[in-house]
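Chain A is the first sequence line, chain B the second, and so forth, proteins listed ahead of strands; every chain is numbered from 1.
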Amino acid sequence: MLQIEGLTMRYPTGDTALTDVDLTVEQGQVIALIGPSGAGKSTLIRCVNRLVEPSAGTIRLGGESVTALGAGALRLMRRRMGMIFQEYALVERLSVMENVLSGRLGYVGFWRSYLRRYPQEDVDEAFRLLERVGLDHMVDKRADALSGGQRQRVGIARALIQNPDILLVDEPTASLDPKTSRQIMRLILELCRERGLAAIINIHDVPLAMQFVPRIVGLRAGEVVYDGPPAALDAARLTDIYGEEDWSGTTRDDDPAEARDAAHKVAASVDAPEIQRAAGS
Amino acid sequence: MPVLEQNDRRIWKRRDRATQMRIWLTWLVGVSILMLCWEYISRQTMWIFVLDAPQQAFDMAARMSNPRWEYTEVILVPMWDTINIATLGTLLAIGVAVPMAFLAAHNTTPSRALIRPLALGVIVTSRSINALIWALLLVLIFGPGLLAGVIAIALRSIGFIGKLLYEAIEEIDPRQVEAVRATGAKPAQVLAYGVVPQIMPAFAGISVYRWDTNIREATIIGLVGAGGIGIQLQSSVNSLAWNQVSIIFMAILLTVLVSEWVSARVRHAII
């Protein structure tokens, strides 16, 4: 359903983020995109809805070319792609309801949205979705009054009310604690199954990806170096993606409980370069 | 190079010798200029006048100390005019400054090469000329009266509000804007949902603060004939009616206190 061919992205600074990426996502298929920081995961999903303009290559959604669209047609195309963000990216000073309804902006005219006079069906759907993600008691709270997990649930409801064909999910759990991370991943996967939605999920947490997502794509320095089921993701493959490291405990054949602890340690060490870079800048 | 090698130990200093020297020299030059200016001013001053300054001040205070209370009636209307000049001037300025700010902020401007410099030009021009000078010019153009005052206040405030607001727009969180854009929202909707909620507290604070300042500015532009309490102030000073001047001072003080209270309340309510 989503076909990416020869996608290349070069930033004006000369840095190449993506080199000749081919990727096909079928209807209702969920894939996890893993890879070290700076591998181009965020750039890849931002190219799909053209928040970032790709330098070369074609992207098609349901047979229709995304890359060839003009500004107006691109907005109509973006309605079919729901996006979920790492730091939730809710409009902090608006209420939960306003944030969810903002997912309908592509369908509603300026004045209706400005005066908050959304069609009643949209409001009904917003209530349904808030109930589905477990936030129906929070409708009137301001977004900045919510906890991380609650905010991400609002973010999910905002993406779903667009009635999209595909979800683009950028590090949904990176700012959440382990328990909330699992709840959010489970919720996203359940919702995709219920609605037959395809999804691309960028994720740092390799064990979490392997546990929940049936297809893993590994990205390294802007190139796809792995594409397959989590079961085949062994130490050698992880070395391909992330580089040399002691991967024991990450793969499935070890004792599950022990493996999980070790795996989280590994995930933490994978995070380390990013932390160091953040501290250095 | 702040780290020095000395007997195999690395010594860290905040600055190296050359930088330290440059800073010291800058201070030397600065202080010398200050002292030269001081010397010049003191040569220009007629110390005979300064010496009896306390006496003059006491004299003036004595003449002000029995305010002519019945004069209050005369200044009620000009005082009300002053408040109106400030309020209308601020509203007019907001009307022009808000679009200017969106045109000038580099993340919302339609064209960085063409429109942004124009909008910045308007803001800088407005800011660089004091309200009193605007009033001086406008009294010649529109004739003396309230209209000249309102426009003078507005022209000065456009730059102030425009500058602070465009800085607020440039400091917003871009991720919230990106998220609204990703829903397929039109550019106007991206502004209304992604940008406007983020700058609302800044906008409220800036506007109310400017209104508060404008009440004070509106009291002086009357000195050049642009309406308000300044006209009464000038004629009272010219006719040496110090007991009226003290009434005007009290009225101004009271108004500024009230405006201070109102602006605090408004800011609190919006944030």
Margin query: More than 12 heavy atoms of other residues, nucleotides or ligands under 6.0 Å from CZ of A:R117: yes or no?
Written below: no

Next item on the list: Calculate, to the nearest 0.5 Å, the distance between atoms CE and OG1 belonging to A:M81 and B:T183 respectively.
Entry: 13.0 Å

Margin query: Looking at every non-hydrogen atom in both residues, tell me the closest pair between A:A89 and B:A179 and how far apart they are.
Written below: O-CB, 3.3 Å

Next item on the list: Heavy atoms only: give me the nearest A:F85-B:A182 pair and the separation to one decimal.
Entry: CZ-CB, 4.3 Å

Checklist line | Neighbour count above 12 (heavy atom, 6.0 Å) for A:D124 CG | finding: yes

Checklist line | A:Y114 side chain to B:Y193 backbone, donor-acceptor under 3.5 Å | finding: no

Check: Is it true that atom CZ of B:R116 has more than 12 heavy atoms of other residues, nucleotides or ligands lying nearer than 6.0 Å?
Finding: yes

Next item on the list: Sort and list the pairs that fulfil ring pair (Phe, Tyr, Trp, His ring centres under 6.0 Å) and have at least one residue in residues 98-128 of chain B, not counting sequence neighbours.
Entry: none

Margin query: Determine whether a donor-acceptor pair (N or O, by modelled atom type, separation under 3.5 Å) exists between the side chain of B:Q189 and the backbone of A:V108.
Written below: yes

Margin query: For A:R46, which atoms come within 4.5 Å of any heavy atom of chain B: side chain, backbone, both, or neither?
Written below: side chain

Note to self: Can you pull out every ring pair (Phe, Tyr, Trp, His ring centres under 6.0 Å) where at least one residue sits in residues 150-170 of chain A? Sequence neighbours excluded, please.
What the structure shows: none

Check: For A:L51, is it the side chain, the backbone, both, or neither that has a heavy atom closer than 4.5 Å to a heavy atom of chain B?
Finding: both

Notebook entry, point to check: With respect to chain B, which residue among A:N49, A:L90, A:N99 yields the maximal number of heavy-atom pairs within a distance under 4.5 Å?
Noted result: A:L90

Notebook entry, point to check: Do A:R93 and B:Q198 come close enough that some side-chain heavy atom pair is under 4.5 Å?
Noted result: no

Note to self: To check you understand the geometry: which heavy-atom pair defines the closest contact between B:A192 and A:F110, and what is its length?
What the structure shows: CB-CE1, 3.8 Å

Checklist line | Proximity of residues 151-168 of chain A to chain B, residues having a non-hydrogen atom under 4.5 angstrom | finding: A:R158, A:Q162

Notebook entry, point to check: So, the side chain of B:Q176 versus the backbone of A:E92: is there a donor-acceptor pair under 3.5 Å, distance only?
Noted result: yes

Check: Looking at B:K186 and A:L105, what are the two nearest heavy atoms and their distance?
Finding: NZ-O, 4.2 Å

Next item on the list: Select all residues of residues 69-79 of chain A having any heavy atom within less than 4.5 Å of some heavy atom of chain B, and report them by number, or 'none'.
Entry: A:R75, A:R78, A:R79

